[in-house]
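This report concerns only the one structure given below.
Numbers here simply count residues along the sequence, with the first being 1. We use all heavy atoms of the structure for the numbers below, so side chains are in, but hydrogens, waters and symmetry mates are not.
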Amino acid sequence: AESSDIIDMPRGDTITLKNAENPFGEILYIKEINSWYFIKNGISHAIIDPQLAKIAFPGFKGKNGVLADLQNATAGDPIKFPDGTLLKTPTSPKIYVKKKKKKRHISNEKMFLALGYKWSNVITTNDLMSSQYAIGPGIALPDSIASTLDQDTTNTPEDDAHPNTT
């Protein structure tokens with residue numbers, strides 16, 4: 001292979017002694033503080049909602065760690081849900097879509113269905129995780145357009161048991 005063949009390839013992380021054992025990072029459960037963390041390259045990132053680990057790191061298996069693992073790492077930003085994730089909390093019926101570091105409230109059921117969302121994809125997260133996102137502009141259609149939408153076109157029997165979006 002010529003060096004010109006790889007010149008445009010993106011460069012990955014540099015492998016050092018610090019990350020050679022786990023170049024992709026690892027998910028650790030620290031029993032002493034009852035918390036999950038993603039640690040990579042000596043930086044720890046809190047996983048505030050355990051179900052987030054499955055979404056953000058599919059295929060990763062968590063393992064037990066000790067407090068020393070955390071103390072040997074520099075604290076980084078908490079792991080957050082990816083863009084497009086539908087979120088709600090147990091304390092509010094409002095449904096949000098996460099977009100560009102913000103959560104945007106979906107104004108009503110018609111809007112939710114018009115966007116092609118499914119009730120089964122809404123993740124109920126804890127209030128602490130929800131508070132990690134600033135509130136962005138809501139998502140709504142003008143009443144004149146919303147009234148023309150047929151809300152029954154995308155419902156399935158299991159979707160009928162859904163939370164209120166208002």
Side-chain angles (χ1 to χ4, degrees), residues 8-16 18-19 22-30 32-63 65 67 69-143 145-146 149 151 154 159 162-166:
D8 292 327
M9 291 180 73
R11 178 167 262 192
D13 292 337
T14 301
I15 298 177
T16 64
K18 194 176 211 179
N19 69 8
N22 292 304
F24 300 110
E26 60 187 345
I27 297 173
L28 297 178
Y29 174 70
I30 311 299
E32 295 94 330
I33 56 174
N34 190 29
S35 296
W36 288 92
Y37 287 85
F38 174 69
I39 300 178
K40 181 178 179 186
N41 297 335
I43 301 173
S44 68
H45 304 273
I47 301 173
I48 298 170
D49 185 334
Q51 64 184 332
L52 176 56
K54 295 175 190 170
I55 295 167
F57 306 105
F60 270 64
K61 301 284 186 211
K63 66 180 192 177
L67 200 50
D69 294 324
L70 197 55
Q71 292 167 337
N72 292 331
T74 303
D77 292 331
I79 299 296
K80 297 187 178 176
F81 285 102
D83 277 356
T85 304
L86 298 168
L87 300 170
K88 73 173 289 314
T89 66
T91 58
S92 172
K94 290 184 177 183
I95 295 177
Y96 298 89
V97 61
K98 194 259 183 178
K99 192 78 168 173
K100 296 183 181 178
K101 300 182 181 182
K102 294 185 178 187
K103 60 183 179 183
R104 298 183 64 194
H105 177 236
I106 301 171
S107 60
N108 57 47
E109 178 182 358
K110 285 183 181 182
M111 187 72 233
F112 182 90
L113 296 172
L115 291 169
Y117 293 134
K118 294 186 170 134
W119 301 111
S120 59
N121 291 337
V122 176
I123 296 170
T124 301
T125 189
N126 58 52
D127 289 320
L128 179 59
M129 186 72 227
S130 181
S131 72
Q132 298 296 307
Y133 307 106
I135 297 175
I139 302 173
L141 285 174
D143 289 338
I145 296 173
L149 295 175
Q151 70 178 7
T154 56
D159 284 342
H162 58 78
N164 184 359
T165 60
T166 56

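Applying the 6.0 Å contact sphere to NZ of K80 captures more than 12 heavy atoms from other residues, nucleotides or ligands.
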Start with the C-alpha gap between K103 and I135, add the side-chain angles, then the distance that decides, and say whether side chain to side chain contact (heavy atoms under 4.5 Å, CB included) holds.
CA-CA 5 Å; K103 60 183 179 183; I135 297 175; 3.6 Å; yes
Start with the C-alpha gap between H105 and I95, add the side-chain angles, then the distance that decides, and say whether side chain to side chain contact (heavy atoms under 4.5 Å, CB included) holds.
CA-CA 6 Å; H105 177 236; I95 295 177; 5.7 Å; no
Can you list the steps and then say if K88 with Y96 is a side chain to side chain contact (heavy atoms under 4.5 Å, CB included)?
CA-CA 6 Å; K88 73 173 289 314; Y96 298 89; 5.9 Å; no
Worked verdict on L86 versus F112 for side chain to side chain contact (heavy atoms under 4.5 Å, CB included):
CA-CA 10 Å; L86 298 168; F112 182 90; 4.0 Å; yes
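Nearest heavy atoms, A53 versus I47: N-CG2, 4.0 Å. Residues K102 and Y133 share a closest heavy-atom pair of C-CB, 4.2 Å. Considering every non-hydrogen atom in both F24 and F38, the closest pair reads O-CZ, 3.5 Å. In plain terms, the two heavy atoms of E109 and W119 that are nearest each other are CG-CZ2, 3.6 Å. Taking both residues in full, the closest heavy atoms of K40 and G25 are given as CB-CA, 3.9 Å, listed atom of the first, atom of the second, then distance.
To the nearest 0.5 angstrom, D127 atom CG is 3.5 Å from T91 atom OG1. One distance of note links CZ of F81 with OG of S130; it measures 9.5 Å at 0.5 Å rounding. Annotation: the span from L87 atom CG to S92 atom OG amounts to 12.0 Å, rounded to 0.5 Å. Between K54 atom NZ and I123 atom CD1 the span is 10.5 Å, to the nearest 0.5 Å. The distance from the CD1 atom of I39 to the CG atom of L70 is 5.5 Å, given to the nearest 0.5 Å. Atoms CG and CD1, on D49 and I55 in that order, are 7.5 Å from each other to the nearest 0.5 Å.
Between the side chain of T89 and the main chain of N126, no donor-acceptor pair closer than 3.5 Å is present. Judged by distance alone, with hydrogens and angles left aside, the side-chain atoms of R104 form a donor-acceptor pair with the main-chain N or O of P137 at under 3.5 Å. Side chain of S35 to main chain of I33: a donor-acceptor pair is present (N/O by atom type, distance under 3.5 Å, no hydrogens or angles). Without hydrogens or angle criteria, Y37 side chain to G65 main chain gives no donor-acceptor distance under 3.5 Å. Remark: the backbone N or O of I43 is not paired with any side-chain donor or acceptor of N41 at under 3.5 angstrom. Between the H45 side chain and the D77 main chain, a donor and an acceptor come within less than 3.5 Å of each other.
Salt-bridge annotation for K99 and D83: absent, with no side-chain N of the basic residue lying under 4.0 Å from a carboxylate O of the acidic one.
The aromatic rings of W36 and Y29 sit tilted relative to each other, their planes meeting at an angle between 30° and 60°.
In this structure, K98 and P82 have side chains that are not in contact, with every pair of non-hydrogen atoms separated by 4.5 Å or more.
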